[in-house]
Structure formats: structure tokens, C-alpha cells
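Have a look at the structure below before the remarks.
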Amino acid sequence: CGPCPPTAWGLQQEPDSGPGLGMVENVATFGIVQDVTFKNHVSTPTQIVPIRFPKLFASADDNTIRIWSDLDEKHKMIYPKNQRCMVSAMTYIPALDVLVTGEVDITLKVYSDKLMLLDTFPADERVTGMVYIPQLDVVVTSGMDGAKVRMFRKTRNRRAVSVGSYEYHYEFPVLKLLGPDVPCQRVFTNVAHKLILIASSDQMWAYDFSYDLVATVKDPHPKPLTCVALHYKTKLESLVLTGGEDGTVKLWTLSQKFEPAPLNFIVTDPRRAAQRIKTGSRSRAGMGREQAVL
């Protein structure tokens, strides 16, 4: 195909609401109702991820990982008493039905759907965030050495003893580094816009699914960042919300704008090109592949 239009992303802060403008009228027709309260955790849950039905989600607290259905706890894994606050990040890979965790003993661990330990990998750093991107079939992790793109895949090495349907071992190699080699707190993804957002204490980076840097912001708050969230807004815009130690929450718009393509296309069929101009047919990139010089 002909040249595609270049895209430009911009990350800008939305205007301050100002005094008296912080209240937003609730005009939505949706409602939220609490269905079930899960009470089995004896300490504060720190990680939670949805998993495939008929199970519902997995959660972790100071000394346990649990898998739940919509009614009650289904499986539980308890750490030894001398190990607490073990899970620092967690994600779920539906295609393989495995739970992947980053743990404070500087390892990455893989658990079955019944929380049986399948594999352990050295992490070289404490992992602070983790997200699985199904379109790329990769896991992006954040940690003290920056963000890393990892390929999680099954190997040809059979287990000495099969664990249910988990017959083979896995591997978790690093494919690519994202961003500078600085401590990163969180990593998020917006599947609709094919974006990856990485945040440190004083900077944010946005990458597309080709791992190209599309936007960055330095010092979003006068004091360190404490929390970040990425949210869909429109087809060409994402919302980024940041909270900082300065006691404020800021709203940013990450927007994608298509720029007109240069009109320097080669005429491969003048009659077809002339017909396109006559009928006013245009591609999204501008005049299309061909442009007749009359």
C-alpha cells in the first residue's frame, strides 16, 4: 500500500476545575450494586486481577494468594510464616490459564489455576508492576531497573511430573527494554488505543504497540507521583489520571491526531487517478495512493 499518514500523539494537562467546580452531576443511567463480600482475607489485599470463568478473580495479601469464584474462595496458597508481603505484582494469562506474580524475593513465579507452583524465574530486580497484552502476547513489567517487555511461552521441556494439564515448563525471556534505566512504579495498557503507559516517581512515558515512544511528561507533579491510571475516552484520546504527594490529582489527555500526508505519490495508473480526483474520492491519508498531475 502507499505511504500511511504519520501520527502525532500529545499529552497535555486538562484545565483546573477551580474552586466550586469540583462537583460533577451524576447523569448516568447505569447503577452499581454490591453483589458479594469476600471476607477470607485476614490482612490487607494488595493485588487483584480478574481471571477466566467459571472462576472470577485472584487476590493476594501479606501471606496468601487466593482464587475465587463468584460465590466463595476456590483455592488458596499460603506462604511460610517467615515470608510476608510476598507479591508485589500480578497478572493473568488467559490463553495458558496461568497466574504470573512478581515477588519480593526477586523472582517471577507461575501458578496453575489451582495455585500449584509451576515455574520460578530470577527477576534481577523487584518487580513493581505487571500487565499482560494479549494482542502482542507479551508481559510488560516495571521495576527498579525500568520497564521490560517479556515473552511468556511454553517450552518443549516436559515436566518430570505433570501438574494437571500443565505438561511443559515455561520460559520468560526479556525481549526489549522500555524507557530509561530508572526505577518505575507502575505499568498500564490501553488495548483500544494500543498504548503502554509507564510511570516513575517523576516522569511518565507512553509507547505504542510497536514500542515507539509517542509521548512523555517530566515532573507531572511538584512532588513524587503516588498513583497513576489510564482510561479510554474517545477513539483518538486516552485519559491519564495522576496523584502526587502534593495532595492533588491531575487529569491529562493523551491524544492522537492524524497529519496530512505529503502529496508526492507516484502515478501508477493515470486514468484511475484522474477518476479518483473527478469523483472526489480520498483516502484517510489525503489524496490516496495515486495523484494525477494534469
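All values derive from a computational prediction rather than experimental measurement. All values below were derived from every heavy atom in this structure, side-chain atoms included, with hydrogens, water molecules and symmetry-related copies excluded.
Panel note: side chain T128, backbone S142; a donor-acceptor pair is recorded below 3.5 Å. Between the D61 side chain and the N63 main chain, a donor and an acceptor come within less than 3.5 Å of each other. A donor-acceptor contact shorter than 3.5 Å is absent between the side chain of T91 and the backbone of V100.
The local environment of CZ in R186 is sparse, with at most 12 non-hydrogen atoms from other residues, nucleotides or ligands closer than 6.0 Å. No more than 12 heavy-atom neighbours from other residues, nucleotides or ligands sit within 6.0 angstrom of CE on M116. Taking a 6.0 Å sphere around CE of M144, one finds it holds 12 or fewer heavy atoms contributed by other residues, nucleotides or ligands.
L178 is not connected to Y132 by any chain of hydrophobic side-chain contacts under 4.5 Å among Ile, Leu, Val, Met, Phe, Trp and Tyr, and they are in different clusters.
Counting heavy atoms from C-beta outward, V49 and L99 have side chains that approach closer than 4.5 Å. Taking 4.5 Å as the limit, some side-chain heavy atom of R159 sits within range of a side-chain heavy atom of L118.
A side-chain donor-acceptor contact under 3.5 Å links D202 and S200. In summary, the side chains of D105 and T107 do present a donor paired with an acceptor at a separation below 3.5 Å, with no hydrogens or angles considered. Under the 3.5 Å distance criterion, with hydrogens and angles disregarded, no donor-acceptor pair is assigned to the side chains of K114 and S112. The closest side-chain donor-acceptor pair between S201 and Q185, if any, does not fall under 3.5 angstrom.
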Determine, step by step, whether D119 and K154 satisfy the salt bridge (charged side-chain N to carboxylate O under 4.0 Å, His left out) criterion, reporting the C-alpha distance in whole Å, the side-chain angles of both residues, the deciding distance to 0.1 Å, and the verdict. CA-CA 11 Å; D119 286 299; K154 186 186 298 184; over 6 Å; no
